[in-house]
Amino acid sequence: MSLAARLSQRLQRAWYRADGKDGLSIALLDVSWVYGALVKLRAKFYANGVMHSTRLNVPVIVVGNVIAGGAGKTPVTIEIVRHLQRHGWRPGVVSRGYGRRQGRQQGRHSAAVVQVLDATPVSDSGDEPALIYAAVNAPVFVASDRAEAALALLAAHHEVNVIVCDDGLQHLALQRDIEICVMDERGVGNGRLQPAGPLREPWPRNSHAREHWPRKIDFLLHRGNFDEGFAVQRELSHVALRADGSSVPLGDLKDQSLIALAGIAQPESFFRMLREAGLTLGDTIALPDHYDFNSAPRIFHAGEVLICTEKDVKKLSQVAWANDLSILSVPLVVTLPPAFYAALDEKLSLLQISKGQ
């Protein structure tokens with residue numbers, strides 16, 4: 001295990017220790033206070049117009065989180081886009097495309113912006129934008145500057161009348177109309193700011209804390225024990241997908257010894273869900289989030305069956321060393337409550353009126 005991986009694991013233990021008394025976290029408190037002061041100052045600069053932010057002429061929905069690492073934002077983004085499509089909206093999606101290399105010149109857009117298409121290499125788009133595009137078939141643009149990505153998207157797709165930003169609660173250069181925060185069962189950990197804790201910014205951000213923070217969260221979607229917000233349900237699909245798009249019931253795989261692989265924020269959660277589905281895992285390969293698979297993580301042997309996430313299979317299908325492997329991917333099924341959709345629809349209706357759409 002690399003030094004960076006060991007340090008990451010050590011920080012995770014410090015951040016999510018229930019009593020908050022981990023020595024490493026306490027030692028980093030002074031640094032986190034400086035970080036917090038800078039975060040608040042930056043937010044005030046954007047709120048007061050000292051730093052420029054872009055306002056679009058269509059509603060902007062940002063789906064993100066307030067902790068370091070993944071909390072399930074992308075599956076939620078996909079479900080929200082599908083809901084909008086079912087209700088007559090024409091959404092487009094923007095993302096930073098974390099983990100991608102700098103986009104090459106593409107059409108009339110600058111090299112910094114990439115439109116995700118079927119033929120776009122995952123190394124150019126990032127794994128999550130590629131997954132979103134395959135799932136919803138809506139315009140998806142990526143750039144480190146999400147405002148630039150959104151402007152390019154609207155210039156190329158005049159039919160789009162709402163923008164959904166996958167991640168970006170802290171990307172204040174793009175103004176937003178609706179903020180949706182996603183949290184998993186870990187919650188906010190020890191409640192401290194980085195690097196003493198997992199928080200990217202102070203929490204809570206609600207109406208009662210506005211005197212300390214110039215913005216607020218509109219909706220909280222969560223897994224775990226929360227007194228507010230809307231509960232999210234997620235489970236693995238009952239089928240696994242082959243490379244040719246055909247499916248096999250998970251029940252048919254129960255007697256096989258499988259090699260489970262996950263390059264996501266919490267690989268163990270995927271492995272646990274596979275075991276709960278009754279599958280036998282002969283080996284598990286936990287990789288860093290957004291792992292690029294430029295090299296094989298281990299030696300594979302003839303006859304082994306690799307089972308992975310939809311996010312990982314996008315990249316595996318484009319690396320040469322995986323071509324001779326038998327690879328199955330298992331989709332994640334996310335269910336958002338009807339009450340959340342009703343509240344979102346109501347807020348969007350009001351925005352539609354205010355923007356004259």
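All residue numbers in this chain count up from 1 along the given sequence.
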Chi angles and distances behind the side-chain contact (heavy atoms from CB on, under 4.5 Å) call for Ile307, Val305: CA-CA 7 Å; Ile307 191 164; Val305 179; 5.6 Å; no

Worked check of side chain to side chain donor-acceptor pair (under 3.5 Å) between Asp292 and Ser123: CA-CA 8 Å; Asp292 59 15; Ser123 57; over 6 Å; no

Residue pair Gln12, Arg186: steps toward the side-chain contact (heavy atoms from CB on, under 4.5 Å) verdict: CA-CA 11 Å; Gln12 290 288 322; Arg186 297 172 299 171; 3.6 Å; yes

side-chain contact (heavy atoms from CB on, under 4.5 Å) assessment of Met273 paired with Leu332: CA-CA 10 Å; Met273 295 173 80; Leu332 183 67; 3.8 Å; yes

Candidate pair Leu220 and Phe230, rule side-chain contact (heavy atoms from CB on, under 4.5 Å), full reasoning: CA-CA 6 Å; Leu220 172 65; Phe230 301 91; over 6 Å; no

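Lys314 places a side-chain heavy atom less than 4.5 Å from the side chain of Leu131. Contact of the Pro202 side chain with the Val39 side chain is registered, since non-hydrogen atoms from C-beta on lie closer than 4.5 Å. In this structure, the side chains of Val248 and Leu328 come closer than 4.5 Å at one or more pairs of heavy atoms. Contact of the Ile327 side chain with the Leu261 side chain is not registered, since no non-hydrogen atoms from C-beta on lie closer than 4.5 Å. Residues Leu154 and Ile163 form a side-chain contact, since some pair of their non-hydrogen atoms from C-beta on lies under 4.5 Å apart. Inter-residue side-chain proximity for Ser326 and Leu306 is flagged as unmet; no heavy-atom pair is nearer than 4.5 Å. You'll find the side chain of Arg192 stays beyond 4.5 Å of the side chain of Leu199, heavy atoms only. With contacts defined as side-chain heavy-atom distances shorter than 4.5 Å, the pair Val66/Cys181 qualifies.
Side-chain atoms of Asp218 come within 3.5 Å of backbone atoms of Glu179 as a donor-acceptor pair (strictly under, hydrogens ignored). Between the side chain of Asp312 and the backbone N or O of Gly263, at least one donor-acceptor pair lies under 3.5 Å. Judged by distance alone, the side chain of Arg200 and the main-chain N or O of Ile67 form a donor-acceptor pair under 3.5 Å. Judged purely by atom type and a 3.5 angstrom limit, Gln175 has no side-chain atom pairing as donor or acceptor with the backbone of Val60. Panel note: side chain Asp166, backbone Val62; no donor-acceptor pair is recorded below 3.5 Å. Between the side chain of Gln85 and the main chain of Val136, a donor-acceptor pair closer than 3.5 Å is present. A donor-acceptor pair under 3.5 Å links the side-chain atoms of Arg176 to the main chain of Leu174, judged by distance alone. Without hydrogens or angle criteria, Glu79 side chain to Val76 main chain gives no donor-acceptor distance under 3.5 Å.
In this structure, CG in Leu258 is found 12.0 Å from CZ in Phe271, a value given to the nearest 0.5 Å. Taking CD from Glu201 and CD from Gln194, the interatomic distance works out to 10.5 Å, rounded to the nearest 0.5 Å. Rounding to the nearest 0.5 Å gives a distance of 9.0 Å between CG of Asp283 and CG of Leu281. Summarising the geometry, atom CG belonging to Leu316 is positioned 8.5 Å from atom OG1 belonging to Thr309; distances are rounded to the nearest 0.5 Å. Considering OH of Tyr46 and CG of Leu172, their distance stands at 6.0 Å, rounded to 0.5 Å. Interatomic distance, Lys73 NZ to Leu221 CG, rounded to the nearest 0.5 Å: 13.0 Å.
Checked for salt-bridge contact, Arg100 and Asp124 miss the test: no charged N lies under 4.0 Å from a carboxylate O. With salt bridges taken as basic N to acidic carboxylate O contacts below 4.0 Å, one links Arg10 and Asp22. Using a 4.0 Å cut-off between charged nitrogen and carboxylate oxygen, Arg86 and Asp345 do not count as a salt-bridge pair. Asp289 has a carboxylate O that lies under 4.0 Å from a charged side-chain N of Lys311, or vice versa, which qualifies the two as a salt bridge.
The minimum heavy-atom distance between Tyr133 and Leu117, with the atom names listed, is CE2-C, 3.8 Å. Closest heavy-atom contact between Ala130 and Ser125: CB-OG, 3.8 Å. When all heavy atoms of Leu250 and Leu279 are compared, the pair lying nearest together is O-CD2, 3.4 Å. Shown here for Ala112 and Ala143, the closest heavy-atom pair between the two residues is O-CB, 3.3 Å. Across all non-hydrogen atoms, the minimal contact from Leu253 to Ala240 is CD1-CB, 4.2 Å. When all heavy atoms of His171 and Ala147 are compared, the pair lying nearest together is NE2-N, 4.1 Å.
Criterion: ILVMFWY side-chain heavy atoms under 4.5 Å apart, direct or through other members. Under it, Tyr16 and Leu193 are part of a common hydrophobic cluster. Linking Ile, Leu, Val, Met, Phe, Trp and Tyr whenever their side-chain heavy atoms come within less than 4.5 Å leaves Phe293 and Phe270 in two separate clusters. Using a 4.5 Å cut-off between side-chain heavy atoms of Ile, Leu, Val, Met, Phe, Trp and Tyr, with links allowed through other members, Ile61 and Leu336 fall into the same hydrophobic cluster. Criterion: ILVMFWY side-chain heavy atoms under 4.5 Å apart, direct or through other members. Under it, Leu351 and Val164 are part of a common hydrophobic cluster. Side-chain heavy atoms closer than 4.5 Å link hydrophobic residues (I, L, V, M, F, W, Y) into clusters, and following such links, even through other members, never connects Trp15 to Val31.
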Atom pairs and distances, donor-acceptor, side-chain atoms in residues 90-99, under 3.5 Å, two or more places apart:
{"unit_1": "Arg90", "atom_1": "NE", "unit_2": "Glu159", "atom_2": "O", "d": "2.6"}
{"unit_1": "Arg90", "atom_1": "NH2", "unit_2": "Glu159", "atom_2": "O", "d": "3.4"}
{"unit_1": "Ser95", "atom_1": "OG", "unit_2": "Gly97", "atom_2": "N", "d": "3.0"}

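Shown here are the side chain to side chain contact (heavy atoms under 4.5 Å, CB included) partners of Asp19, two or more places apart in sequence or in another chain: Arg17, Lys21.
Side-chain contact, Ser329 with Glu310: no donor N or O sits under 3.5 Å from an acceptor N or O.
Both tests pass for Arg298 against the ring of Phe300: distance under 6.0 Å to the centre and angle within 45° of the axis.
Taking the six-membered ring where the residue is Trp, His83 and His87 present tilted rings, their angle falling between 30° and 60°.
Crowding of Asp252 atom CG: a count of heavy atoms from other residues, nucleotides or ligands under 6.0 Å exceeding 12.
Pairs passing the side-chain hydrogen bond (donor to acceptor under 3.5 Å, both in side chains) check and including a residue from residues 265-282, sequence neighbours excluded, read Asp184-Gln266.
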